[in-house]
Structures are given as structure tokens and as C-alpha cells.
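The structure appears below as C-alpha cells.
Every chain is numbered from 1, with letters handed out A, B, ... down the list of sequences.
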2 protein chains.
Amino acid sequence: MSSPVSSASQPTRAPRWLDADEQKAWRAWLYSAQLLMDRLDRDLTHETGISHAYYEILVALSETPGRKLRMSELADRLLSSRSRLSHAVSRLEERGWVVRELCQDDGRGQLAVLTDNGFAALEAAAPIHVESVRTHLFDQLSPAQVEAMRDLGETLLRHLDPPR
Amino acid sequence: MSSPVSSASQPTRAPRWLDADEQKAWRAWLYSAQLLMDRLDRDLTHETGISHAYYEILVALSETPGRKLRMSELADRLLSSRSRLSHAVSRLEERGWVVRELCQDDGRGQLAVLTDNGFAALEAAAPIHVESVRTHLFDQLSPAQVEAMRDLGETLLRHLDPPR
DNA sequence: GTAGCGTAGTTGAAGACTGAACTATTCCGC
DNA sequence: GCGGAATAGTTCAGTCTTCAACTACGCTAC
């Protein structure tokens with residue numbers, strides 16, 4: 001924004017404030033989302049030493065043929081900035097869970113490759129994480145609520161991250 | 001966790017893996033939540049210079065009689081750690097939007113008080129933020145979806161943050 | 001072939017978050 | 001009153017994220 005002054009030529013539209021119901025819905029969604037993400041990350045970090053951010057990187061690599069991905073492709077899949085991913089991969093390299101490899105077809109490219117140690121760490125962590133997701137999410141919801149969650153998520157995704 | 005070895009006395013239960021539908025629902029929720037929060041924070045930060053975290057502090061204070069709250073009370077309302085809040089309030093103090101005040105009834109206590117400048121900053125930011133929430137959330141959803149969102153949020157809140 | 005532009009990825013500095021350690025005050029039982 | 005436990009809040013060090021600057025390579029047209 002910039003000028004809070006409302007002028008005749010470009011009148012400031014009246015804000016479309018949220019009504020009480022919308023407030024309630026928004027707050028409930030926001031707080032539950034924060035608490036859930038926080039809880040899942042804490043469970044995972046405390047029980048396995050792997051943060052959820054790192055876990056997602058390992059998962060993405062493990063699901064790929066050859067267990068390797070271009071840095072930019074990986075960043076896109078994880079909704080991460082390239083910078084963030086680059087830092088994170090460096091840390092995972094220090095742990096010996098990932099190595100970087102030059103990309104054959106493109107001299108600019110780098111591949112992040114999951115090591116056997118990295119895969120083993122993921123295998124150990126996965127049951128812990130899935131149990132946590134069950135406990136704090138699916139066990140709390142009816143099948144209809146799960147369906148609603150999916151519908152909601154997909155609707156928002158179509159707007160926020162339209163399929164390219 | 002600790003030992004990945006399954007013993008006879010304490011057999012490792014088979015992980016309750018997510019099926020394809022659950023995966024889809026979970027991913028859709030997770031990604032949409034990340035994208036939405038990210039988007040709202042960016043809109044607000046770029047257009048007003050106030051991060052969503054700071055904004056929430058200002059809102060909480062503004063809604064309170066006297067526009068002041070105990071640090072711990074504020075932290076609880078915002079689902080924030082005391083440490084995080086303490087840092088954030090220090091930054092807000094540097095901006096002149098909040099001041100700390102000694103608590104009369106409790107010598108250990110501190111009050112965070114919203115200044116007039118802080119209130120003005122909030123007044124300027126609020127229309128921007130509400131428009132952003134409308135655009136990226138409510139404008140995308142049907143009334144039924146809004147209701148489902150609220151139901152979902154409240155259900156999870158009862159589990160994650162049971163009313164004391 | 002080479003200039004210019006776009007893309008891939010890394011780096012560094014600054015801000016923000018976390019958990020643990022620390023100070024100061026209050027509460028409670030005796 | 002007083003010693004010990006609990007509470008309120010801050011601080012520190014370490015980690016993570018962001019943004020902008022930077023290097024390096026590829027692509028296109030001349």
C-alpha cells in the first residue's frame with residue numbers, strides 16, 4: 001500500500017471486513033494449522049532428530065527413480081526457495097544423508113542424491129512420523145471430515161499453485 | 001523412538017501407513033496451508049512492512065481493554081513461546097509500536113502496551129490484510145466449504161489445544 | 001564466435017525461532 | 001518469617017530463513 005488518504009479520483013474501497021462467523025472459521029483454521037504443524041515437527045524432531053523440513057527432502061528424493069533430483073525440481077516440489085533448499089542440502093550433506101552430483105545434461109545443474117545412510121534414516125523416521133500424523137490428524141477426523149479436508153486443500157491449491 | 005529392533009516382549013507395531021486417499025488429503029492440506037500462510041505473510045510484509053507474526057501481536061493487544069497484556073497471556077493467545085514473544089516485543093519496541101510496563105500486581109510481570117503509533121500502524125495494515133485473506137481464502141470457498149473449514153479447525157483444536 | 005540475456009545454483013549478512021540456562025519474584029507450608 | 005518450589009520473563013548460542021548479490025553456464029541472433 002502507501003497512502004492511507006482516500007482521494008476522489010481513486011477512492012479507497014471500504015474494507016471487506018470479516019463477520020463473526022468468518023472470523024471464527026479463519027481463527028480456527030489458522031490456529032489448528034499452526035498447532036498441528038508445530039506438533040508434528042516437534043514429535044519428529046524429538047524422536048528422530050530430523051526436522052519436518054529435512055524429512056520432506058528425504059521423502060521427495062526417496063520417491064524418485066535413482067533417488068536423485070535436480071535442485072530446482074526439488075525446490076519446486078517442496079514449495080521451497082532455491083536458497084533455502086541449497087542451505088538445507090548442505091546440512092544434509094554434512095550428515096552424510098545426501099550428496100551433490102554434477103548434472104550431465106546441463107552444466108549449470110546439480111543433482112541432490114539420497115545416500116544409503118539417508119535412506120536408512122528415512123526408513124527409521126517414517127513409522128514415527130506416520131503414527132504422529134495418525135494420532136493428531138486422522139484419528140481425530142471422521143471420513144467425511146477427511147474428505148472435506150481434501151476438498152478444501154485442493155480448492156485452495158488450484159488458486160494458490162495453479163497446475164502449470 | 002530409540003531401538004529399531006523389534007523384540008518379543010515389546011513388538012514393534014506395524015506402522016499404520018496412509019492409503020492413497022489419505023496421502024492425497026494430507027498433502028493437499030499441508031501444501032495449501034503452507035502456500036496460504038506464505039502468501040498472506042508476503043502480501044502483508046510487502047505492502048505494509050509488518051510480518052504476520054508482528055501483526056498478530058498488534059491485533060491481540062488492540063483487542064484488549066487498555067491495549068495491554070501480560071507477556072505470558074499474550075504468548076498463550078498467540079500460541080507463541082515466551083522466548084519468541086520476548087524477542088518480538090523487543091523489535092516492536094524499537095519500532096515504537098509497543099512499550100513494556102511493569103506489572104503492578106506482580107513484581108515478576110511485564111505488560112506489553114500498544115502505543116498510539118502501534119495502533120495507527122495496525123489501522124493502516126488491517127484493510128490490506130483482510131483483503132488478502134478474502135482474496136486467497138474466502139473468495140475461493142463456498143459457504144459450505146467455509147463451514148467445513150471451521151468444523152475441521154475446531155475439531156483439531158479440541159485435540160491439540162484442549163480448553164483448559 | 002561473441003554479445004546479451006535468461007536460467008541454475010550458491011553465498012553472505014541480517015532477521016527470526018528454539019531450547020536451555022539464568023535472574024527475579026511469588027507462593028506455600030511450617 | 002523463612003526455605004524451597006514454582007512462575008515470569010529475559011538472554012544466549014545455535015539453527016533456519018530470507019533477500020540480494022554473485023558465479024557459472026546455456027541459448028539465441030547476429
- Message: Ring of Tyr54(A), cation from Arg91(A) - is the NZ or CZ under 6.0 Å from the centre and inside 45° of the axis?
- Response: no
Nearest heavy-atom approach of Leu74(A) to Ile57(A) is CD2-CG2, 4.2 Å
Measuring from [X]:[atom1] to [Y]:[atom2], what's the distance to the nearest 0.5 Å?
X         : Y         : atom1 : atom2 : value
Leu157(A) : Tyr31(B)  : CG    : OH    : 9.5 Å
Glu63(A)  : Leu69(A)  : CD    : CG    : 10.0 Å
Thr135(A) : Arg39(A)  : OG1   : CZ    : 8.5 Å
Gln140(A) : Leu152(B) : CD    : CG    : 11.5 Å

More than 12 heavy atoms of other residues, nucleotides or ligands under 6.0 Å from CG of Asp19(A): yes or no? yes
For [X] and [N], give me the distance from atom [atom1] to atom [atom2], rounded to whole Å.
X         : N       : atom1 : atom2 : result
Leu79(A)  : dT18(D) : CG    : P     : 12 Å
Ile50(A)  : dC16(D) : CD1   : C1'   : 17 Å
Asp105(B) : dC27(C) : CG    : P     : 10 Å
Asp41(B)  : dC16(D) : CG    : C1'   : 15 Å
Leu102(B) : dT25(C) : CG    : C1'   : 12 Å
Leu92(B)  : dT10(D) : CG    : P     : 13 Å

Contact string for nucleotides 3-9 of chain C, one letter per nucleotide 5' to 3', B = base within protein heavy-atom range under 4.0 Å, S = sugar-phosphate only, - = neither, reads ---BBSS
Per-nucleotide protein contact along nucleotides 15-23 of chain C, 5' to 3', at a 4.0 Å heavy-atom cut-off (B base, S sugar-phosphate only, - neither), is SSSBB----
Distance-only donor-acceptor check, side chains His159(A) and Asp139(B), under 3.5 Å
no
